[in-house]
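This structure is a prediction, so every number in the text was calculated from the model and none was measured. Throughout, a chain's letter reflects where its sequence line sits, starting with A, and its residues are numbered from 1.
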Number of protein chains: 2
Amino acid sequence: MIQFLGNMEAKADTKGRIFVPAIFRKCLQSEGEEFLVLRKDVFQECLVLYPGSVWEKEVEMLRSRLNKWNREEQQVFRQFVLDAERLEMDANGRVLIPKRYLRMVSIEGDVRFLGVDDTIEIWAKEKLEKPLVDPDEFSSKLQQLMA
Amino acid sequence: MIQFLGNMEAKADTKGRIFVPAIFRKCLQSEGEEFLVLRKDVFQECLVLYPGSVWEKEVEMLRSRLNKWNREEQQVFRQFVLDAERLEMDANGRVLIPKRYLRMVSIEGDVRFLGVDDTIEIWAKEKLEKPLVDPDEFSSKLQQLMA
DNA sequence: TTTTTTGTGTGGAATTGTGGGGAAAAGTGG
DNA sequence: CCACTTTTCCCCACAATTCCACACAAAAAA
């Protein structure tokens, strides 16, 4: 089971290419992942990189539970794949992020990679400067949820 | 098993020709698909491109569930194949979409190709600008499905 | 510390993808 | 049979992407 952990800075060059941090790369390689899927997060202004196998599992799961002859369910499936794209790393270990996606999450220069479970998130650097949740709220929320 | 993923822009020229995005083309080629079938989606205002083999499977599936000696069921089957058309790509990798179909889904200039499972959808660009499903509805649906 | 290796940032050149249009061929209606 | 539209085939220009090479910084090894 694949697990990413870390938070490192990187920058998109003028062509929209970004080096995937070496630790993540090694992780992907050792798991034999051939490709990645890039997707805009549904709720947050960030991008999500799924290792191929993780993506496939997710889609398979959805496909099996959403009937394509049902209007609403098919629409949900469509929404899920709407902002997703297959990517491959180049010889140097970079991914080319299409301009459209950079715009969607307003990335211009510096970014941060964030390992979150079995996916990798890409944020505009500024957005991760301040905490996502208020620290006090965070601790009490956590306490409450894990009780 | 063939799987399309992605969302890219393209435009219909004055003759109604549209380039099939290169990634999809490669996908089709590697699966040895010789032709495509175009159809208006049953539920949405968009066009669907089926790889030949996918279309055949779909029809077979319908055929097996719809009794041809039942007047109503046969009529449904007929309607399904009525709005469908066989297409081939030209030497440059374009498909010529008959005007009739463009009108059906009100495509005039820019379009978006959308990989959805084993089919490719063609939408008028504007229609994909805003979310297809209300975000709250989407999240609750997903939450419920993946629980 | 010095050297080597690995990781990251940059850019140019070649290739491929996309948008467009012209002219031949094939249908269509008078 | 002719004029006219539609379809098919071919070629061109430009933009985007891929490939390749290099420079440099950081980390690891000697």
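Results of the ring pair (Phe, Tyr, Trp, His ring centres under 6.0 Å) test with B:Tyr50 over B:Trp55, B:Phe4, B:Phe35 single out B:Trp55 as the only residue that passes.
Distances from the side chain of B:Lys11 to the nucleotides D:dT8, C:dG19, D:dT18 place C:dG19 closest. In the set D:dC9, C:dG19, D:dT17, the nucleotide with an atom closest to the side chain of B:Lys15 is D:dC9. Looking at the side chain of B:Arg25, the nearest of the listed nucleotides C:dG17, D:dC10, D:dT17 is C:dG17. Out of C:dT8, C:dG11, D:dC11, the shortest distance to the side chain of B:Arg94 is found at D:dC11. Closest approach to the B:Phe19 side chain among D:dC9, C:dG11, C:dG19 is made by C:dG19 (side chain taken as heavy atoms from C-beta onward). The A:Ala22 side chain lies nearest to C:dT8 when the options are C:dG22, C:dT8, C:dG11. Closest contact between the side chain of A:Arg17 and the listed nucleotides D:dC11, D:dC20, C:dA13 involves D:dC20.
Rounded to an integer number of Å, the gap from CD of A:Glu88 to C1' of D:dT17 is 13 Å. The distance from atom CG of B:Asp90 to atom C1' of C:dG17 is 13 Å, rounded to the nearest whole Å. The separation between B:Asp13 atom CG and D:dA13 atom P is 18 Å, rounded to whole Å. Rounded to whole Å, atom P of D:dA26 lies 13 Å from atom CD of A:Glu9. Atom P of nucleotide D:dC9 and atom CG of B:Leu96 are separated by 11 Å, given to the nearest angstrom. The distance from atom CD1 of A:Ile97 to atom C1' of D:dT17 is 14 Å, rounded to the nearest whole Å. Taking atom NZ of residue A:Lys26 and atom C1' of nucleotide C:dT6, one finds them 8 Å apart after rounding to whole Å. Atom P of nucleotide D:dT6 and atom CG of B:Leu102 are separated by 14 Å, given to the nearest angstrom.
The base of D:dT6 does not come close enough to the side chain of B:Lys99 for any donor and acceptor atom to sit less than 3.5 Å apart.
Applying the side-chain hydrogen bond (donor to acceptor under 3.5 Å, both in side chains) rule to pairs touching residues 57-68 of chain A yields A:Arg63-A:Gln74, sequence neighbours excluded.
Side-chain contact check for A:Cys46 versus A:Lys127: every heavy-atom pair is 4.5 Å or farther apart. Annotation: side chain of A:Val95 is not in contact with side chain of A:Glu88 (no heavy-atom distance under 4.5 Å).
If you check every strand for non-hydrogen atoms under 4.0 Å, A:Asn92 touches a base.
Comparing A:Ile23 and A:Thr14, the nucleotide of DNA chain C nearest to each residue sits closer to the 5' end for A:Ile23.
A donor and an acceptor atom, one from each side chain of A:Asp118 and A:Gln3, are nowhere located under 3.5 Å apart.
Residues forming a side-chain contact (heavy atoms from CB on, under 4.5 Å) with A:Phe19 (at least two apart in sequence, or on another chain): A:Arg25, A:Asn92, A:Arg94.
A salt bridge between B:Asp41 and A:Arg78 is present, with a side-chain N of the basic residue lying under 4.0 Å from a carboxylate O of the acidic one.
Looking at every heavy atom in both residues, A:Phe43 comes nearest to B:Ser139 through CZ-CB, 2.9 Å.
Axis orientation changes by 30° from one end of the helix from C:dT1-D:dA30 to C:dG30-D:dC1 to the other, with each end axis drawn from 5 pairs and the value rounded to 10°.
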